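Read through the structure below, which is laid out as structure tokens, and then see the notes.
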Protein chains: 2
Amino acid sequence: MRVFDREKGFAMGRYRSFDETRAMDGAIACFRERGYHASSMRDLEREMGLKSSSLYNAFGDKKTLFLRALEAYMDASPRRRIALLDRSADPLAAIECFLGSIVLVSAADPCGCLLVNSAASPVALDKEIRAAVSGGLGELEAALLRALERAVTQGSLAPEAPVRDLARVLLGAVVSIRVLSRTSPGEPWLRSIADGALAQLRASSPAALAS
Amino acid sequence: MRVFDREKGFAMGRYRSFDETRAMDGAIACFRERGYHASSMRDLEREMGLKSSSLYNAFGDKKTLFLRALEAYMDASPRRRIALLDRSADPLAAIECFLGSIVLVSAADPCGCLLVNSAASPVALDKEIRAAVSGGLGELEAALLRALERAVTQGSLAPEAPVRDLARVLLGAVVSIRVLSRTSPGEPWLRSIADGALAQLRASSPAALAS
DNA sequence: GAAGATCTGGAGCGCATGTTTCAGAATCAA
DNA sequence: TTGATTCTGAAACATGCGCTCCAGATCTTC
């Protein structure tokens, strides 16, 4: 509303004295570490550097804030990975790189992924939030599927490769790595899962399926 | 204390007027559906059929209750599956049966597994609870590893099969199935992940590794 | 400057939370 | 029966929750 009016030239009233992006980062960090139910509005105010009135004025109530944080997180992390997948010249190498990165990040940061954490959380019992989470996971799955289909087109995967199932396996690997990283099993442990999923891709290579 | 004294013949005081097992089942159901932080003591009182004084007297505070519920859940579900694995004559078939059952149960009941849900939940930030969760997941991994090693001994898996990595992949499949089932993707979707993991086992069969 | 709009800081709303307290009921040993 | 012990039901306790309100500051338009 503020932005809308101001952009239209109807601008009026006091400016916001905080960086909305930085505030969102604080919200993401809070929800990522403590989840929805264990993050109090006081926690969020502190991590976002806002007083409650500013917070409510700018971002709405707790649920709306969560939905915005999830959306901002999607832009900041999963969708960047998706863009890398889509832009890569070698889709299989990009997938390998993708999983390897997930392993490294997960081993280093036990907070996990806001999207995956939310899927396992009771906050997903809420209809809107579950829709957002399903949507986010669906984006990832679709991106992996696109990459696999490109690999088929390029000949690095056999035409009869079960790309739809493989995309699900890859998404499953990401999910399990991110969940299990919360118990700090160590990087080699997590890499076992990533390598297992990648081995399945290789089992669908033209050479493997020809024999 | 009550039980202890009574068993020793020093018994005194009023009997408990509720079924402790039934009460634990209520606690498990509550924590499984709503998780730790979103389950209020009032919710637990209702689902367990207890007043707060009885609840605190019998099970301690919320965290202690959660730890007991997790332990009871382990006995009621994962450890039964583990026993089936250990007792089976054909370990690979038992693993297949195990994963298939997880798929069916997960598709039918979107509440998921208390152990897996807890791993992804911020309640696992607590040291004791994280230890319990890690222990539970470790039991599962160890059981899968035992089954795989028996498969090697029996000759249904090649001696050079990477059983440790395969056990992790299988545990990862279980985790991802249980997490993703919370977004209700449907049974065929979940089965793709189970079948993928099983395909990896077959890739370590003596025949596959001989070629 | 005045009028109108928005944002900030702080106080505080009503309510739910986890937990405690306690009188009374139930049980046993003596 | 009496005394000791434990359990039950109901009523709270203090605290923290999500959220609102409002006076005053800051901004644009006139």
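Every chain is numbered from 1, with letters handed out A, B, ... down the list of sequences. Quick caveat: nothing in here was measured; it's all calculated off a predicted structure. Hydrogens, waters and symmetry mates play no part in the numbers below; they use all other heavy atoms, side chains included.
- The ring pair (Phe, Tyr, Trp, His ring centres under 6.0 Å) test applied to Tyr73(A) returns no partner, not counting sequence neighbours.
- Between Tyr36(A) and Phe66(A), the ring planes lie perpendicular to each other; the angle is over 60°, past the 30° to 60° tilted range.
- Across the protein-nucleic acid pair, Arg34(A) atom CZ and dC17(D) atom P stand 11 Å apart, rounded to whole Å.
- Using a 4.5 Å heavy-atom cutoff, the side chains of Met48(B) and Asp25(B) are not in contact.
- Nucleic acid contact for Ser52(A): base, since at least one base atom lies under 4.0 Å from a heavy atom of the residue.
- With no hydrogens or angles considered, a side-chain donor-acceptor pair links Ser101(A) and Arg81(A) at under 3.5 Å.
- Taken from OG in Ser77(A) to CD1 in Ile28(A), the straight-line distance is 9.5 Å, to the nearest 0.5 Å.
- Put simply, the side chain of Ser53(A) and the base of dG9(C) share a donor and an acceptor less than 3.5 Å apart.
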Just distance, no hydrogens or angles: give the donor-acceptor pairs under 3.5 Å from side chains in residues 141-148 of chain B, sequence neighbours left out.
unit_1	atom_1	unit_2	atom_2	d
Glu141(B)	OE1	Trp189(A)	NE1	3.3
Glu141(B)	OE2	Trp189(A)	NE1	3.1
Arg146(B)	NE	Asp86(B)	OD1	3.1
Arg146(B)	NH2	Asp86(B)	OD2	2.9

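- Look at CZ on Phe31(B): it is 9 Å from P on dG18(C), rounded to the nearest Å.
- As a whole-Å value, the separation of Tyr56(A) OH from dG10(C) P is 18 Å.
- A close approach under 4.0 Å does occur between a side-chain nitrogen or oxygen of Ser17(A) and OP1 or OP2 of dT8(C).
- A distance of 12.0 Å separates CZ of Arg191(B) from CD1 of Ile102(B), quoted to the nearest 0.5 Å.
- One can place CG of Leu44(B) at 11 Å from P of dT19(C), the figure rounded to the nearest angstrom.
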Polar atoms only, N or O, under 3.5 Å: list the protein pairs with nucleotides 23-25 of chain C and their distances.
unit_1	atom_1	unit_2	atom_2	d
dG24(C)	N2	Arg14(B)	NH1	3.4
dA25(C)	N3	Arg14(B)	NH1	3.1

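- In this structure, Arg80(A) places its CZ atom where only 12 or fewer heavy-atom neighbours from other residues, nucleotides or ligands lie under 6.0 Å away.
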Side chains of residues 167-180 of chain A: which donor-acceptor pairs under 3.5 Å do they make with residues two or more places apart or in other chains?
unit_1	atom_1	unit_2	atom_2	d
Arg168(A)	NH1	Ser192(B)	OG	2.9
Ser176(A)	OG	Gly172(A)	O	3.0
Ser176(A)	OG	Ala173(A)	O	3.0
Arg178(A)	NE	Ser106(A)	OG	3.3

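- Residue Lys51(B) places at least one side-chain N or O under 4.0 Å from the OP1 or OP2 atom of dA10(D).
- Distance Asp61(A) CG to dT20(D) C1': 13 Å, rounded to the nearest Å.
- At a cut-off of 3.5 Å, with distance as the only test, no side-chain donor of Ser54(A) or Asn57(A) sits close to an acceptor on the other residue.
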Apply side-chain contact (heavy atoms from CB on, under 4.5 Å) to Leu190(B) and Glu187(B), showing your working. CA-CA 5 Å; Leu190(B) 299 175; Glu187(B) 189 197 310; 5.8 Å; no
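- Comparing the start and finish of the helix from dG1(C)-dC30(D) to dA30(C)-dT1(D), five pairs each, the helix axis swings through 0°, to the nearest 10 degrees.
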Check nucleotides 13-15 of chain C against the protein and report each pair of N or O atoms closer than 3.5 Å, with its distance, or say if there are none.
none

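- The side chain of Asn57(A) sits closest to dC7(C) out of dT8(C), dC7(C), dT19(C).
- Between Arg46(B) atom CZ and dG18(C) atom P there is a gap of 12 Å when expressed in whole angstrom units.
- Here Leu85(B) contributes atom CG and Ile95(B) contributes atom CD1; the two are 6.5 Å apart, rounded to the nearest 0.5 Å.
- OP1 or OP2 of dT8(C) sits under 4.0 Å from a side-chain N or O of Ser54(A).
- Here the side chain of Tyr15(B) is nearest to one of dC28(C), dG9(C), dT19(C), namely dC28(C).
- In this structure, Glu45(A) atom CD and dG18(D) atom C1' are separated by 10 Å, rounded to whole Å.
- In this structure, Arg16(A) places its CZ atom 14 Å from C1' of dC27(D), rounding to the nearest Å.
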